[in-house]
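Please read these numbers as outputs of a predicted model, since none were measured by experiment.
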Amino acid sequence: MNKTPDKILAEKLLHISAIQLQPESPFIWASGWNSPIYTDIRKALSYVDVRNYIKIELARAIVETFPDVDAIAGVAKGAVAFSAITADTLGLPYAFVRSTPKDHGLENMIEGNLKPGWKVVVIEDLVSTGGSSITSVEVIRNAGCEVAGIVSVFDFEFPLARRRFDKEGIPLISLLTYGAMLDVAKEIHYLDNADVETLREWREDPASWTPHK
């Protein structure tokens with residue numbers, strides 16, 4: 001049976017530990033959440049085959065879903081490299097959106113040049129609560145551009161993020177979702193059934209989740 005692109009990507013990211021799963025020894029996120037998963041999608045940049053796979057799949061998703069896009073914008077910092085190489089692959093103008101204004105010079109939020117009226121696709125390395133994505137969308141819209149949609153490498157599938165995108169009317173396309181990643185982790189015996197259920201529980205209420213004793 002041929003593997004789907006998302007399952008291929010899941011295997012690659014798990015193999016290089018760009019996604020790490022530790023239900024018995026959880027990580028602590030910057031938000032203070034206990035988490036049985038840690039993601040560092042940027043780690044894929046050091047692996048040529050994984051980097052190229054992500055680049056090609058991002059480009060394919062954009063061409064298939066947003067064929068009339070005028071420019072690509074990356075979200076700093078995690079998506080800057082992926083979005084730049086994807087824009088280069090597609091032969092499109094590129095810019096990235098800072099999380100805060102530059103503290104000197106022109107105090108830019110957008111690094112690069114997005115012309116008013118352009119349709120822009122935003123690239124994220126991962127989507128969790130959706131906060132950084134929505135901020136970037138607002139900055140791009142304030143520059144007079146239309147945000148056609150967001151394409152992410154990985155999506156935690158948090159209900160909060162989905163509500164935010166729906167409210168803003170922004171389509172979200174993700175190369176790999178949390179649910180698909182768990183399916184692959186089980187298939188390749190990275191996790192057993194109990195661990196998979198633990199990871200599913202966490203996703204339902206990550207802010208309140210505590211590891212099982």
J.: Between the side chains of K7 and D183, is the shortest nitrogen-to-carboxylate-oxygen separation below 4.0 Å, so that they form an ion pair?
T.: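 Here D183 does not pair with K7 in a salt bridge, since their nearest N and O are not under 4.0 Å apart.
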J.: Kindly determine whether L176 and V153 satisfy side-chain contact (heavy atoms from CB on, under 4.5 Å), including the steps that lead there.
T.: CA-CA 6 Å; L176 177 62; V153 179; 5.9 Å; no
J.: Donor-acceptor pair, E157 side chain versus G179 backbone, under 3.5 Å?
T.: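 Checking the backbone N and O of G179 against the side chain of E157, a donor-acceptor pair under 3.5 Å is found.
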J.: Parallel, tilted or perpendicular: which describes the rings of F158 and W33, with under 30° parallel and over 60° perpendicular?
T.: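 Correct class here is perpendicular.
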J.: With a 4.0 Å cut-off on N to O distance, would you call K115 and D70 a salt bridge?
T.: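 So K115 does not pair with D70 through a salt bridge.
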J.: With side-chain contact (heavy atoms from CB on, under 4.5 Å) as the criterion, how do V127 and F156 come out once you've worked through the C-alpha distance, each side chain's angles and the decisive distance to 0.1 Å?
T.: CA-CA 6 Å; V127 171; F156 278 97; over 6 Å; no
J.: Using side chain to side chain donor-acceptor pair (under 3.5 Å) as the criterion, point out the one residue from S133, S174, S136 that pairs with E124.
T.: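 Of all the options given, the one that passes is S133.
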J.: Is there a donor-acceptor pair under 3.5 Å between the side chain of D88 and the backbone N or O of A84?
T.: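 No, D88 side chain to A84 backbone: no donor-acceptor pair under 3.5 Å.
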J.: Do the side chains of E197 and R200 get close enough for a salt bridge, i.e. N-O under 4.0 angstrom?
T.: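 Here E197 pairs with R200 in a salt bridge, since their nearest N and O are under 4.0 Å apart.
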J.: Answer whether the closest heavy-atom distance between the side chains of F82 and L58 falls below 4.5 Å.
T.: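 With C-beta onward as the side chain, the pair touches.
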J.: Strictly below 4.0 Å, N to O, side chains only: are R60 and E64 in salt-bridge contact?
T.: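 Counted as a salt bridge, because a side-chain N and a carboxylate O are separated by less than 4.0 Å.
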J.: Would the distance check show the side chain of W202 and the main-chain N or O of N34 forming a donor-acceptor pair, the cut-off being under 3.5 Å?
T.: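 Such a contact is found between W202 side chain and N34 backbone.
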J.: Within the distance-only criterion (no hydrogens, no angle test), does the side chain of Y190 pair as donor or acceptor with the backbone N or O of L21 below 3.5 angstrom?
T.: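 Yes, the answer is positive, given that a donor and an acceptor are paired below the 3.5 Å cut-off.
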J.: Check for me whether K119 meets the cation-pi criterion with F66, that is, NZ or CZ under 6.0 Å from the six-membered ring centre and within 45 degrees of the ring axis.
T.: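 No, cation not above the ring by the 6.0 Å, 45° rule.
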J.: Stepwise, does the side-chain contact (heavy atoms from CB on, under 4.5 Å) test hold for I62 with L90?
T.: CA-CA 9 Å; I62 291 168; L90 294 171; 3.9 Å; yes
J.: Do W29 and W209 have ring centroids that are under 6.0 Å from one another?
T.: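 Not under 6.0 Å, so no.
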J.: Between the main-chain N or O of I37 and the side-chain N or O of S35, is there a donor-acceptor pair closer than 3.5 Å?
T.: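 Answer holds: yes.
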J.: Indicate yes or no: does R98 engage E111 in a salt bridge with an N to O separation below 4.0 Å.
T.: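 Judged by the 4.0 Å cut-off on N to carboxylate O distance, R98 and E111 do form a salt bridge.
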J.: Show your reasoning for whether side-chain contact (heavy atoms from CB on, under 4.5 Å) applies to K77 and R42.
T.: CA-CA 10 Å; K77 299 178 181 177; R42 288 174 294 185; 4.2 Å; yes
J.: Ignoring hydrogens and geometry, is there a side-chain-to-backbone donor-acceptor pair from S83 to V80 under 3.5 Å?
T.: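 Yes, S83 side chain to V80 backbone: donor-acceptor pair under 3.5 Å.
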J.: Between the side chain of R51 and the main-chain N/O of S46, is any donor-acceptor distance below 3.5 Å?
T.: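 Side chain of R51 to backbone of S46: no pair is present.
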J.: Ignoring hydrogens and angles, tell me if any N or O in the side chain of Y53 forms a donor-acceptor pair with the backbone of P5 under 3.5 Å.
T.: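 Such a contact is found between Y53 side chain and P5 backbone.
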